[in-house]
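Presented below is the structure to which this report refers.
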Amino acid sequence: MTIADPFLALSARTGRFTFGAPRAYTLAEDGTRLLLLRSTGPEDPLDRLHLLDVETGEERLVADPAALLPGRTGDRDELPPLERRLRERVRLTAAGIGSYAATADLSVAVFALDGRLFRTDTATGTSDELPVAAPAFDPRPDATGQRIAYVAEDALYVTPGLEPLSPDDGAGWGVAEFAAAEELSRSRGHWWRPDGGALLAARVDESALPRWQLADPTRPAEPADDLAYPHSGGPHADVQLWVLGLDRSRVRLHWDAAEFPYLVDAGWAGDDELLLTVTDRLQQRVLLLSADPATGATTELSRTTDEFWVDALPGTPARLGDGRLLTAHDTPQARGLALDGKPLDTAGLQIRRVAGRLHGRLLCETGQGDPADQYLHLIDPDGGAPELLTPRRGVHTALAAGDTLLLTSADPTGYRRTLHRAGRELTITDLGPELPYVVRPLLARVTERALPTSVVYPREHTPGRRLPVLLDVYGGPTHQSVALDPRRWQQRQWWADQGFAVVTTDNRGTSNVSPAFTRAVFRGFSRVVLDDQVDALRALGADHPDLDLGRVGVRGWSFGGWLAALCVLRRPDVFHAACAGAPPTDWRLASGAYTERYLGLPQEDPEGYADDDLIPDAPGLARPLLLTQGLADDNVHPAQTMLLSRALTRAGRPHSVLPLPGVTHMTPGAVEAQVVTAELAFLRANLG
């Protein structure tokens with residue numbers, strides 16, 4: 001399709017300004033080499049594999065999908081159904097080499113292209129195609145790089161050979177189930193033993209789950225469209241862990257899976273020990289277990305409990321090299337760390353991620369002061385005050401191995417990626433597009449709850465000219481909208497330049513302010529998030545006289561779509577038009593691992609679920625509402641939007657619906673341009 005607007009066209013051509021930027025880094029265990037993915041420029045969607053020598057600064061192309069599969073266009077419809085579906089689950093938008101795995105020294109890397117399996121010798125830059133039993137997904141090399149494990153048609157295979165290592169028992173082997181990939185941040189389902197003699201594999205039985213047919217009128221139905229979906233209060237997948245020996249031996253790991261059904265993480269801690277993290281259904285108890293691969297017996301190493309829910313802290317729980325256990329240590333006002341149950345000195349910090357080890361200390365991504373910023377600190381596990389590594393404001397992320405630090409720093413002017421080793425600094429080449437706007441949002445903490453907010457004005461705004469307000473909202477747990485990452489502000493500036501004052505508020509329930517701030521939505525979303533959005537808007541209106549609070553529109557997607565619809569259904573006195581994309585209108589039909597964490601089981605609290613259900617509000621709609629829905633959405637099922645539209649129609653309430661055939665929860669750039677164009681026309685027509 002032709003996109004008339006220059007900004008939207010550029011966003012679509014450049015993959016929302018990501019093509020050509022480096023990503024998917026892997027450092028060698030000694031820190032001397034780095035693998036990364038990057039395309040050839042800002043309008044090239046095909047990621048290629050590059051190897052960077054950290055000591056010399058030399059970078060080489062080691063695998064090129066355009067050479068391996070001539071004619072590859074990057075069209076997602078070219079992918080095998082299983083790969084397409086699983087890429088959606090982990091929100092992987094890149095074409096070409098979407099992901100890869102490598103040996104610890106980075107001498108061998110493996111990847112799948114359109115279901116075909118390739119092994120690359122990174123020293124020579126040669127790639128060999130290996131025979132597979134069926135379209136391959138998620139290949140992983142053993143320590144030598146000679147054997148490759150991969151998934152094909154629900155079975156786990158090891159090369160060389162075309163017979164599955166996993167038994168043919170009707171279950172899926174080696175892949176993360178829906179709940180793990182979507183909600184628990186576990187995207188893999190098989191792990192090599194360090195000596196290469198066995199694999200730890202997840203066995204997933206989804207036979208008890210209801211099936212959803214994701215109809216796409218643009219193509220024939222495929223088996224991958226038949227989605228097993230674990231909705232709130234319903235059955236969940238039966239997940240087991242097995243040690244599968246290359247000698248065909250099989251040992252199942254045993255823990256109380258009825259009490260702790262969710263597998264959060266797993267891996268080998270040596271040839272003779274496994275570590276796994278499991279949680280109960282409501283995620284109020286998290287166990288770190290040690291498992292004996294010979295017998296399958298497990299031993300509890302640590303237990304984290306919370307009366308609300310245990311918020312995942314990436315990098316924990318874990319065992320350090322000296323055997324001490326690293327766990328999260330939360331107070332109402334701060335996220336911290338503990339070793340063997342003893343809190344570490346992290347006063348004044350919000351620990352967001354343990355990114356690794358550097359110089360014997362814990363490398364942590366942290367909040368300090370304004371939650372829009374993210375810093376890096378080194379924390380000594382043996383005591384002492386944290387050391388700040390990144391004093392400049394912005395969003396800083398890190399990766400470390402050996403004595404090498406990979407630092408990515410983002411601020412309103414753009415991104416900078418550098419490697420630091422032995423006192424030297426090396427800049428990583430970035431071929432991504434120049435961002436159209438340098439956006440400097442006006443940030444403020446408002447109301448007695450200190451809600452993080454931002455206002456973006458048109459670049460040519462003249463003070464004194466009152467503007468309609470556009471609330472650009474998400475508002476849900478596990479997400480932060482007001483952060484100084486420049487890409488997320490590009491479209492907000494575009495919206496502002498269309499004649500709006502764009503307001504964004506992180507209400508209670510969102511991440512990175514404090515545990516108490518996040519947990520305010522326990523057992524109920526609607527009252528907290530809606531009250532916060534209204535109060536923040538009014539506080540900003542008092543400080544910004546150019547905000548015309550008599551003309552307020554709101555737009556959002558997913559949780560933000562639900563919140564946008566909630567705004568006009570329950571507070572038409574404040575909000576005058578809404579664009580709601582993929583809204584979960586009935587939380588009983590939403591993903592259980594997500595929804596039950598916050599709302600509990602619907603069988604135990606039906607009134608709580610009813611409070612957040614939009615369907616009963618349909619007869620009261622008094623403001624213009626545009627509903628947008630991908631008809632192949634694998635996260636928020638299209639039925640959710642259709643249920644609200646049907647209720648509105650039956651109540652005689654006019655509204656608009658924009659269906660998107662073939663579109664999942666992730667809207668491609670061209671489709672996003674179509675949606676945004678429709679939203680702009682809708683808001684202009686209804687806000688004046």
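Values below: every heavy atom of this structure, side chains too, minus hydrogens, waters and symmetry copies.
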Flag if over 12 foreign heavy atoms under 6.0 Å of [atom1], [X]:
X	atom1	answer
Asp322	CG	yes
Arg588	CZ	no
Arg281	CZ	yes
Gln603	CD	yes

Requested in this report: Verify side chain to side chain contact (heavy atoms under 4.5 Å, CB included) between Val264 and Val286, making sure each step is shown before the conclusion.
Outcome: CA-CA 9 Å; Val264 178; Val286 174; 5.5 Å; no

Distance check, rounded to the nearest 0.5 Å: [X] atom [atom1] versus [Y] atom [atom2]?
X	Y	atom1	atom2	result
Glu59	Ile428	CD	CD1	8.5 Å
Glu129	Leu69	CD	CG	7.0 Å
Leu289	His254	CG	NE2	13.0 Å

Report task. Compute whether any side-chain donor of one residue and acceptor of the other, for Thr26 and Tyr100, lie under 3.5 angstrom apart. Result ->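 Yes, side-chain donor-acceptor contact under 3.5 Å.
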
Query raised in the report: Would you call the rings of Phe118 and Phe111 parallel, tilted or perpendicular, where under 30° means parallel and over 60° means perpendicular?
Result: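 Judged by the thresholds at 30° and 60°, the geometry between Phe118 and Phe111 is parallel.
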
Requested in this report: Mind telling me whether Trp309 and Tyr598 have parallel, tilted or perpendicular rings, with 30° and 60° as the class edges?
Outcome: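 If you compare the ring of Tyr598 with that of Trp309, the planes turn out perpendicular.
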
Can you tell whether the side chains of [X] and [Y] come within less than 4.0 Å, N to carboxylate O?
X	Y	answer
Lys342	Asp340	no
Asp64	Arg48	yes
Asp330	Arg335	yes

Requested in this report: May I have the step-by-step check of side chain to side chain contact (heavy atoms under 4.5 Å, CB included) for Leu419 and Leu52, ending in yes or no?
Outcome: CA-CA 10 Å; Leu419 282 161; Leu52 177 64; 3.4 Å; yes

Requested in this report: Measure from the side-chain N and O atoms of Trp255 to the backbone N and O of Thr298, and report whether any donor-acceptor pair falls under 3.5 Å.
Outcome: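 Side chain of Trp255 to backbone of Thr298: no pair is present.
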
Query raised in the report: Which pairs pass ring-ring contact (aromatic ring centres under 6.0 Å, His included) with one or both residues in residues 267-291, sequence neighbours excluded?
Result: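 Pairs touching residues 267-291 that pass the test: none.
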
Report task. Test salt bridge (charged side-chain N to carboxylate O under 4.0 Å, His left out) on Arg116 and Asp114 and set out the steps. Result -> CA-CA 6 Å; Arg116 295 160 66 175; Asp114 297 0; over 6 Å; no

